[in-house]
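See structure below.
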Amino acid sequence: MGVAIRTAGAGDRELIVRLLDEAFQDDPVSGWVFPGVEERRAKHPGLMAAFTDIVLAAGRIDVTEDGSACALWLSMPADGEHDDPAGHDGATEDEGPAQVREAVDPDNERIEMIGRLTAAIHPTGRPHEYLWMIGVAPGRQGEGLGTALIEAVLDRCDCEALPAYLEASSARSRKLYERLGFEPVGPVLDLPDGPAMWPMWREPKPHRQPA
């Protein structure tokens, strides 16, 4: 049986924020942004809410019908004309990360730093789909929900001859993305005194017309 997927709307905001918070509490990058456990429990939901609001406004969030997994996507143009408040394009690169930091935790420079560092390595020159985040509820991981969410968009990418891009935040997720056709692109992003992030790119596969 396939996984039922729908596009999230404004009414799903709290569901998405809660899902991302639970899914990324133990993520290496989240642990770097908020090193203290209590601090992370208190402030991490606010960061996930900021990301959710950005993508609800400027991109698309896919969610499984049962609310157990979600994927945040942005459609990126060739030359950074997309109005992306997170700073993943040239037009708002200066303002975006600082705005997120101010909204979530003004004293935490790593919130702004992660936005600037990922924006600096983001490929330009070709339109592509950007998988910003994908979260699966801790009790539902390993069931193929994340794969189903990603493959639904990759199928469209193949039909439209669009590449896709992401940054893997762990060795485990990197292996999953490699199985889906993503390959490392550019140097690994080593966060200062923190974990690595792997920028990955997927070229579209030739689309086969039904016989």
Say whether [X] and [Y] are linked into one hydrophobic cluster, either directly or through other cluster members, by side-chain heavy-atom distances under 4.5 angstrom.
X    : Y    : result
M113 : F51  : yes
V100 : L189 : yes
M133 : L47  : yes
I150 : L145 : yes
I5   : L19  : no

Could [X] and [Y] be called an ion pair, given the rule that one side-chain N must be under 4.0 Å from one carboxylate O?
X    : Y    : result
R18  : E14  : no
D105 : K43  : yes
E178 : K175 : no
D62  : R6   : no
R174 : E183 : no

Closer than 3.5 angstrom, by distance alone: can the side chain of [X] be matched with the main-chain N or O of [Y] as a donor-acceptor pair?
X    : Y    : result
W32  : P192 : yes
T52  : R13  : no
R202 : L180 : yes
S169 : V29  : no
S173 : S170 : yes
D155 : A152 : no
R101 : P106 : yes

Are [X] and [Y] close enough that some pair of their side-chain heavy atoms sits under 4.5 Å apart?
X    : Y    : answer
P199 : V185 : yes
V55  : R60  : no
L72  : L20  : yes
N108 : E39  : yes

For [X] against [Y], the heavy-atom pair lying closest together:
X    : Y    : answer
V136 : A69  : CG2-CB, 3.9 Å
P35  : R110 : CG-NH1, 3.7 Å
P163 : C157 : O-SG, 4.1 Å
A71  : L131 : CB-CD1, 4.0 Å

**Q.** E167 and its side chain to side chain donor-acceptor pair (under 3.5 Å) partner, picked from Y130, W132, W198
**A.**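 Among Y130, W132, W198, the one that satisfies the side chain to side chain donor-acceptor pair (under 3.5 Å) with E167 is Y130.
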Q.
Let me confirm one number: the CZ-CE distance from F182 to M200, rounded to the nearest 0.5 Å.
A.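 One finds 7.5 Å between CZ of F182 and CE of M200.
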**Q.** Distance (rounded to the nearest 0.5 Å) between D66 CG and R140 CZ
**A.**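 Here the interatomic distance stands at 4.5 Å.
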**Q.** Close aromatic pair by centroid cut-off 6.0 Å: H122 and Y165
**A.**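 Yes, they do, as the ring centres are separated by less than 6.0 Å.
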Q: Answer yes or no: does atom CD of E109 have more than 12 heavy-atom neighbours from other residues, nucleotides or ligands under 6.0 Å?
A: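 No - once you tally the heavy atoms of other residues, nucleotides and ligands closer than 6.0 Å, there are 12 at most.
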